[in-house]
Amino acid sequence: VIFPVRQVMAHRIPAELLSLDDQGALMVRTLDDNNLVASRSVQMLADDSQGVWVTGLPEKCLLITTGYDYVLDNEQVEVELDAARGDSQP
């Protein structure tokens, strides 16, 4: 049996960062270069003990990990990176 395989770019993120948009699709909240909030649709490929693998994000992006349920698209926020957790600017 032959299974066709293609390579895709994916990110492993903590599962708790996933939210649902108004249509019930998976999404995460990210920040742009001006610290404006953006909701991005993602597709889950797989999960493991360290998180979920998703597609739909650019190669480098800044995910909102704290307070993501309290911000809206195009809202400007202050960013605090936590180097101890491995946070860094994209």
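Nothing here was measured: the structure is a model prediction, and the numbers come from that model.
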Chemist: Do you know the tightest heavy-atom contact between Val71 and Ile64?
Modeler: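 That closest heavy-atom pairing would be CG2-CD1, 4.1 Å.
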
Chemist: Hydrophobic cluster mates of Leu45, side-chain heavy atoms under 4.5 angstrom, ILVMFWY only, any path?
Modeler: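 Members other than Leu45 - counting any ILVMFWY side chain reachable under 4.5 Å - are Val8, Trp53.
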
Chemist: On a heavy-atom basis, which atom in Gln76 and which in Asn34 lie closest, and how many Å separate them?
Modeler: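 In terms of heavy atoms, the two residues are closest at NE2-O, 2.8 Å.
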
Chemist: Should Tyr68 and Val79 be regarded as members of a common hydrophobic cluster, given that ILVMFWY residues are connected when their side-chain heavy atoms come within less than 4.5 Å of each other, either directly or indirectly?
Modeler: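 Same hydrophobic cluster.
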
Chemist: Which heavy atom of Val37 sits nearest a heavy atom of Leu72, and at what distance?
Modeler: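 What the structure gives for the nearest pair is CB-O, 3.2 Å.
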
Chemist: Using the side chain to side chain donor-acceptor pair (under 3.5 Å) criterion, which residues pair with Glu75? Sequence neighbours excluded.
Modeler: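 Counting only residues at least two positions away or on another chain, Glu75 forms no side chain to side chain donor-acceptor pair (under 3.5 Å).
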
Chemist: Taking side chain to side chain donor-acceptor pair (under 3.5 Å) as the test, write out the residues that go with Ser39, two or more places apart.
Modeler: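 Checked Ser39 against side chain to side chain donor-acceptor pair (under 3.5 Å); matches are Arg29, Asp73.
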
Chemist: Does a side-chain heavy-atom distance below 4.5 Å link Val42 with Val52?
Modeler: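 No; the side chains remain at least 4.5 Å from each other.
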
Chemist: What pairs with Asp21 under side-chain contact (heavy atoms from CB on, under 4.5 Å), at least two apart in sequence or on another chain?
Modeler: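 Asp21 satisfies side-chain contact (heavy atoms from CB on, under 4.5 Å) with Gln23, Ala25, Met27, Ser41 once adjacent residues are dropped.
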
Chemist: Side-chain donor-acceptor pairs under 3.5 Å in residues 9-20, sequence neighbours left out?
Modeler:
unit_1, atom_1, unit_2, atom_2, d
His11, NE2, Pro58, O, 2.9
Arg12, NE, Asp48, OD2, 3.2
Arg12, NH1, Gln50, OE1, 2.5
Arg12, NH2, Asp48, OD2, 3.3

Chemist: Run the side-chain contact (heavy atoms from CB on, under 4.5 Å) test on Leu26 and Met44 for me, step by step, so that the C-alpha distance in whole Å, both residues' side-chain angles and the decisive distance to 0.1 Å come before the verdict.
Modeler: CA-CA 8 Å; Leu26 289 174; Met44 189 168 72; 3.9 Å; yes

Chemist: Report the C-alpha separation of Leu57 and Arg40 in whole Å, then their side-chain angles, then the decisive distance to 0.1 Å, and conclude whether the side-chain contact (heavy atoms from CB on, under 4.5 Å) test is met.
Modeler: CA-CA 7 Å; Leu57 296 173; Arg40 293 189 174 263; 3.7 Å; yes

Chemist: Tell me the closest heavy-atom pair linking Leu36 and Asp32, and the distance in Å.
Modeler: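 Scanning both residues completely, I find the closest heavy atoms to be N-OD1, 2.9 Å.
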
